Structure formats: structure tokens, C-alpha cells
Amino acid sequence: MYDDATQPLPVVGPQPGRTRAPETPTPAPRRSRRAQGDSTPPRASRRRTEDRRGRTPDRKERTAAERERDKRLRLAGRGIMAMVAAGVMGITGIVWYGETSLDQGFTRSGAISPEDVNLDGDINMLLIGLDTRKDLNGNDLPKDILDQLHAGDGTEGGYNANSLILVHIPKDLKHIVAFSIPRDDYVAVQGIPGYDHAKIKESYGLKKYTVEEKLKAKGMAEGPELERQGREAGRASIVQTVKALTGVPINRFAEVSLAGFYDLATALGGVDVCLNHAVDDSYYSGAQFPAGPQHLDGSDALAFVRQRHGLENGDLDRTHRQQAFLTSVANSMKSSGTLTNPGRLKALIDVAHKDVVLSDGWSLTDFATTLGRADSPSVEFRTLPVLRYDNVDGQDVNVIDPVAIKKTVREAFGVSTPAAPSAPIVTPTSTLDVVNASGTPGQAAKVSKLLTAKGFPAGEVANASYADGTSSTVYYGSGADTDAKQVSEMFGGLPVSPSTSVSAGHVKLVVGSDLDIPATLDPTATSTTPTTTANGSSTSLAATTDTTTSDAPDSGKPVTTTIGSKIPCVN
């Protein structure tokens with residue numbers, strides 16, 4: 001999947017006689033929906049007091065060696081930030097320019113849960129690339145910008161979170177891990193009427209639409225304030241959805257739009273990339289590049305990270321491109337003189353303030369100071385595994401194993417996975433219905449018997465319907481949330497979601513082929529614990545018995561890199 005070979009870079013950009021084919025708008029995809037609702041919404045400082053020369057008062061003059069050492073530390077911090085802190089925008093590496101002035105110019109968001117703000121020095125940061133053709137006030141981007149983005153006439157895209165990267169920076173700064181989350185992963189969602197599952201990218205736009213409709217019903221007019229409140233709801237939704245999927249808290253996030261990708265690459269003077277094969281996706285993303293290393297201008301760099309048609313592994317290959325883009329941005333900022341060029345630094349600051357939204361309380365100045373103490377720690381890029389591709393309600397989705405994903409992310413982040421309790425802590429009062437979506441006869445009856453023996457009142461045992469889906473999930477009706485969470489915990493943390501199709505006082509457990517029955521419930525059970533294959537994909541013993549799912553999609557091998565390392569070649 002990756003090849004670190006490099007060679008002199010040809011320049012790819014506007015050329016005589018080369019034009020892009022206009023993109024034909026495509027219909028908006030239908031929304032994934034398994035819960036039955038009445039309506040389906042459309043797609044929706046710390047500061048140090050210093051004198052003017054940058055020294056802290058009452059401190060002795062530093063020696064030349066000390067100044068040189070501090071300079072190296074700051075540059076290291078800048079490079080690291082470009083790769084992992086800024087992620088999808090890569091621009092906070094210029095925090096040292098103008099000192100604290102950069103912190104004051106961002107749009108801020110209160111979407112982080114208060115209980116997650118302090119993680120004892122660790123940082124779990126979600127980087128959100130928003131596929132919208134609007135500015136922060138909800139206005140259409142100018143036509144000349146849309147033309148450069150090769151993104152249609154501004155009516156496409158909605159508010160999908162098409163790029164999601166979860167980054168863990170431990171307080172000892174020894175090893176940084178970044179997980180790309182494929183945008184079509186089919187996950188449980190909450191607080192969106194009519195939906196209990198959706199593609200993870202849709203969690204932002206669906207929630208935004210729901211909140212805006214309620215505000216308009218109360219008399220709020222279209223405009224910047226409606227847009228602001230809608231986006232705040234979307235940000236909180238995507239943060240909560242990723243938190244629920246991965247099982248780890250999130251205490252920082254940064255959001256950037258399509259235009260931000262373009263502006264960043266343009267302000268940097270383009271980026272270097274490397275392709276394993278030539279591509280021609282001029283109809284959709286505008287990507288039309290030869291194989292091998294090459295230098296892309298801002299418009300082509302955006303096409304590079306957006307392409308998914310014609311790639312061997314579709315969106316999974318696109319996550320690898322995003323990772324390569326981040327590596328290239330970091331290298332460019334370190335090697336091109338950007339960090340010592342006042343003009344380019346000013347351009348990057350302007351990009352940051354115009355295109356980026358940061359979580360409240362995140363001081364980039366303090367952050368850069370902390371990272372500047374590290375001596376180029378390694379950065380490992382990984383992609384969350386996908387079990388198989390499927391089609392739900394007419395749209396393509398990625399079927400995943402949430403329990404395996406939680407285990408994988410927690411281990412990578414150094415978070416201990418709590419042992420599954422062998423019995424409910426609180427005496428259950430909700431009726432437990434169990435439905436079989438595993439393809440193995442008798443699984444629902446078996447699981448129902450095991451849980452009934454632990455004190456759950458027995459309810460219906462049946463085969464799953466189409467609306468129940470195929471992944472193991474716990475749904476609950478009104479008043480049954482506590483018992484639903486207890487069922488989830490006994491199976492290692494299954495997704496939990498309210499559902500209007502489940503009766504009040506009832507819990508419905510969908511038993512999929514991905515369900516692992518722990519020994520605490522059944523010591524004689526054959527484990528179906530998901531395993532990781534050599535190529536980084538995840539599957540389960542139960543899933544491999546189905547010939548249609550035996551070939552798990554290729555998530556690619558992890559990429560470990562440091563600032564200044566070679567740019568990986570990708571599909």
C-alpha cells in the first residue's frame with residue numbers, strides 16, 4: 001500500500017490545453033434510517049508577560065547556545081503541530097508568529113463535554129474536515145473559489161464530516177497515534193429524530209438540520225445566528241458520535257472546510273505527494289495525475305484528498321491520502337522556509353482565522369510550547385478497520401465491529417478497557433427482547449437465556465427484521481436507558497441507541513455475527529472476538545464463515561513517520 005521511495009518531483013498544476021471537465025451534480029444520497037420516525041429530514045490563556053524582545057522579565061539574558069536550543073525546540077513544535085495538531089488544516093504550526101495574537105482570532109466552539117476537558121495531561125484531538133460549500137455564516141462561497149474547488153455550484157455536499165482523524169498525544173510526547181475514521185462507517189447515533197444509525201459523516205449535518213428546524217419553528221430567521229447554532233449542534237453531535245464509537249474521551253477539536261484545505265495548500269505554495277498509479281477522476285473530484293512523486297498546487301491538492309472514485313479501496317484509500325497530505329504539509333512547513341518567511345506566515349494566519357474553528361479553551365500558544373519540548377516524536381497513522389461493505393436503504397455503507405474498534409483505539413491510546421461485568425449492577429426492570437441477525441440459528445434464544453439467568457426480564461425472541469440491521473446493537477424505549485447500558489457493558493461496550501420503534505420499558509438486543517459472548521456470561525462459548533490481520537483489517541471468526549464477507553477491505557498498514565521523513569506513496 002505504501003512505498004517511501006522518492007525522486008525529483010514534477011510539477012502538476014495548470015498546463016496549456018489542460019482543463020477540467022465540469023462536474024455534473026449528483027443526487028443527494030438517501031439517509032440511512034433504521035428507527036421509524038414520522039418524518040425524515042433532508043440531508044442535512046494563559047500568557048507570559050514578556051518585554052518587547054520576547055524575554056520574561058527578571059530573567060537573566062540567555063546565552064547564544066540557549067537561544068539556539070530554544071529555537072530548535074520551537075521549530076520542532078511547529079513541525080509536530082503541522083502534522084498532528086492541525087491535521088486537516090496543518091496551519092497551527094505558525095502559532096509562534098505574532099506570539100499570542102493567533103489564539104485571539106479563531107472562531108471558537110463549546111462542543112466539548114466539560115467532563116472531558118482535563119485528561120491528566122493527555123490530548124485526544126478530533127480533526128474534522130467539513131464538506132460544505134458555505135462559509136462560517138452560511139453564505140455560498142464565491143464562484144471563483146468553487147471553480148478552484150471543483151465542487152459543483154455550491155448546492156452539493158451538505159454538511160458531511162468527510163474527514164475525521166482522532167489524534168492521541170500523550171503527556172510524555174513519546175509516541176503520537178492518529179486514527180483516520182472512514183466517513184461511511186455505519187454507526188449508532190443519538191438525538192436525531194427518525195435515526196438510530198447513519199453514516200458517521202452524517203452525524204454533523206443531520207443534527208444541524210434538526211436543531212435549525214426547531215429554531216425556525218420558534219421564529220428564528222435564516223441568517224448567521226441560525227447557522228452558528230446549527231453548526232454548534234452538529235459539532236457536538238460528531239464529537240459525541242466519535243466518542244461513543246471509539247470509547248475514549250475527546251478534549252480538543254479543530255474543524256476546517258473544503259475551502260480551508262485549498263487555502264492552506266495555496267498559502268504553502270502547494271504540496272508534494274506520491275501516487276502508486278496514475279489516476280483520472282476529472283469527472284468527480286478533478287484528480288488527474290500521473291504515477292510517482294509530484295508537486296500539486298492548491299486546487300489539485302484538494303482534488304488529491306477528495307478523490308474516491310476509481311481507487312482500489314475507495315474511501316479507505318482516501319484516508320491514506322489524507323494522511324499523506326498531513327505528512328507533506330508538515331514537511332513543507334519545515335523545509336520550504338515557511339516558518340521563517342513573514343509573508344507566508346501572515347498568509348497562514350489569515351487562513352487559520354478565516355477557515356478554522358477550534359474548541360473553547362484550547363490555547364495554541366501553550367500547546368506549541370509543550371510540543372516544542374519534544375524531540376521529533378514518532379507519529380503513527382492508522383485507519384479504523386472495516387469488516388465489509390454493504391448497502392442499507394439504497395446507500396453504500398461500511399459495516400464495522402464497534403467492540404473491536406473500542407478495544408483497538410483504547411489499547412493504542414493507553415486507556416485500559418474495563419472488564420465486562422458478569423451481572424447487572426442495578427437490578428433490571430426493563431423487558432429484554434432479543435432478535436437474531438447473525439445468520440446462525442438459535443443465537444437469539446441462547447443470548448436471551450443467558451441474560452435472563454442474570455436477572456433481565458425475558459421478552460420476545462425472534463429473527464431480526466431488515467430495519468434492525470446486521471450489527472450487534474442495543475436499542476431501548478422510554479425509561480429503559482439504564483438497563484440498555486447494562487446490557488451493552490456486559491458485552492464489552494456495544495453501541496446503545498434510543499429508538500421510537502421499541503416499546504417503553506423495553507430493551508432490544510440485536511445479535512449480529514460480530515457479537516462476542518464473553519466467558520463471564522457463558523464459559524463454554526466459542527469466541528468470535530475480532531482479530532487483526534496482517535494488513536491491519538479487522539474481522540471475526542464468525543464473519544469468516546460467510547463467503548461474501550471473507551475478504552475484508554484493505555485498511556492499509558499503519559504508517560509511522562517523523563517530521564522530515566519521506567512522503568509515503570499511496571493509491
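These figures come from a predicted structure and were not determined experimentally. FYI, side chains are in, hydrogens and waters are out, and symmetry mates aren't considered; it's all heavy atoms of this structure. FYI, the numbering just counts along the sequence from 1.
- In this structure, the side chain of T266 engages the main chain of Y262 through a donor-acceptor pair within 3.5 Å.
- Taking 4.5 Å as the limit, some side-chain heavy atom of V167 sits within range of a side-chain heavy atom of I176.
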Could you go through the side chain to side chain contact (heavy atoms under 4.5 Å, CB included) check for H197 and T473 one step at a time? CA-CA 10 Å; H197 274 71; T473 308; 3.5 Å; yes

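- Every salt bridge (Lys or Arg N to Asp or Glu O under 4.0 Å) that R318 has, sequence neighbours left out, goes to D315.
- To the nearest 0.5 angstrom, F413 atom CZ is 10.0 Å from I169 atom CD1.
- Across all non-hydrogen atoms, the minimal contact from S472 to L494 is CB-CD2, 3.9 Å.
- Note: C569 SG to H320 NE2 = 14.0 Å, rounded to the nearest 0.5 Å.
- Atom CG in N160 sits 8.5 Å away from atom NZ in K199 (nearest 0.5 Å).
- Summarising the geometry of I400 relative to S471, their closest heavy-atom pair is O-OG, 4.0 Å, with the distance given to 0.1 Å.
- Residue Y476 holds its OH atom at 15.0 Å from CG of L509, rounded to the nearest 0.5 Å.
- Rounding to the nearest 0.5 angstrom, the gap separating the CG atom in L358 from the CE atom in M125 is 10.0 Å.
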Please assess V409 against L384 for the test side chain to side chain contact (heavy atoms under 4.5 Å, CB included), listing each intermediate value before the final yes or no. CA-CA 8 Å; V409 175; L384 290 185; 3.7 Å; yes

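- At a cut-off of 3.5 Å, with distance as the only test, a side-chain donor of Q323 or S180 sits close to an acceptor on the other residue.
- Checking side-chain atoms of K406 against main-chain N and O of G493 turns up a donor-acceptor pair under 3.5 Å.
- Taking 4.0 Å as the cut-off between side-chain N and carboxylate O, R231 and E227 count as a salt-bridged pair.
- The aromatic rings of F106 and H353 stand perpendicular to each other, their planes meeting at an angle above 60°, with 30° marking the opposite boundary.
- Under 3.5 Å, the side chains of N251 and N124 contain no donor-acceptor pair of N or O atoms.
- Checked by atom type, the side-chain pair S237/S203 shows a donor-acceptor distance below 3.5 Å.
- Judged by distance alone, the side chain of N313 and the main-chain N or O of L316 form no donor-acceptor pair under 3.5 Å.
- Nearest heavy atom pair, residue I405 against residue P385, reads CD1-O, 4.1 Å.
- Smallest separation of non-hydrogen atoms from P182 and T383: CG-CG2, 4.0 Å.
- In summary, E232 and R235 engage in a salt bridge, as defined by a charged side-chain N under 4.0 Å from a carboxylate O.
- Ion pairing between K243 and D116 holds under the 4.0 Å rule for side-chain N and carboxylate O.
- Closest heavy-atom contact between L521 and S422: CD2-O, 4.2 Å.
- Put simply, the side chain of D317 does not reach to within 4.5 Å of the side chain of R321, judged on heavy atoms.
- Salt bridge annotation for K354-D263: present, with a cationic side-chain nitrogen under 4.0 angstrom from a carboxylate oxygen.
- Remark: the Q190 side chain and the S497 side chain contain no N/O donor-acceptor pair separated by less than 3.5 Å.
- For S113 (side chain) and E115 (main-chain N/O), no donor-acceptor pair under 3.5 Å exists by modelled atom type.
- A donor-acceptor pair under 3.5 Å is absent between the side-chain atoms of R382 and the main chain of F179, judged by distance alone.
- A heavy-atom distance below 4.5 Å is found between the side chains of F253 and I128.
- Using a 4.5 Å cut-off on side-chain heavy atoms (C-beta onward), V239 and L126 make contact.
- Using modelled atom types, one finds no donor on one side chain facing an acceptor on the other under 3.5 Å when comparing S328 with D272.
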Stepwise salt bridge (Lys or Arg N to Asp or Glu O under 4.0 Å) test for K485 and E489: CA-CA 6 Å; K485 292 176 183 176; E489 291 167 357; over 6 Å; no

Show, in sequence, the C-alpha distance, side-chain angles and deciding distance for Y389 and V399, and conclude whether the side chain to side chain contact (heavy atoms under 4.5 Å, CB included) test is met. CA-CA 6 Å; Y389 301 131; V399 177; over 6 Å; no

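- The pair D122-K171 does not meet the salt-bridge criterion, since no charged nitrogen lies less than 4.0 angstrom from a carboxylate oxygen.
- Using modelled atom types, no side-chain atom of R252 and backbone atom of I123 make a donor-acceptor pair closer than 3.5 Å.
- In this structure the side chain of P249 reaches within 4.5 angstrom of the side chain of L119, judged on heavy atoms.
- Between the side chain of Q486 and the main chain of V426, a donor-acceptor pair closer than 3.5 Å is present.
- Rounding to the nearest 0.5 Å gives a distance of 11.0 Å between CD1 of I238 and NZ of K201.
- Contact record, R183 with A161: CB-O, 4.3 Å, taken as the closest heavy-atom pair.
- Counting heavy atoms from C-beta on, the side chains of T246 and L166 come closer than 4.5 Å.
- Under the 30°/60° scheme for interplanar angles, the aromatic rings of Y204 and Y159 are found to lie parallel.
- Looking at V242 and I250, their side chains come closer than 4.5 Å, going by heavy atoms from C-beta outward.
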For a side chain to side chain contact (heavy atoms under 4.5 Å, CB included) check, start with the C-alpha distance between V357 and R108, then their side-chain angles and the critical distance, and finish with the verdict. CA-CA 6 Å; V357 178; R108 295 285 181 167; over 6 Å; no

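- With a 4.5 Å cut-off on side-chain heavy atoms, I181 and I200 count as touching.
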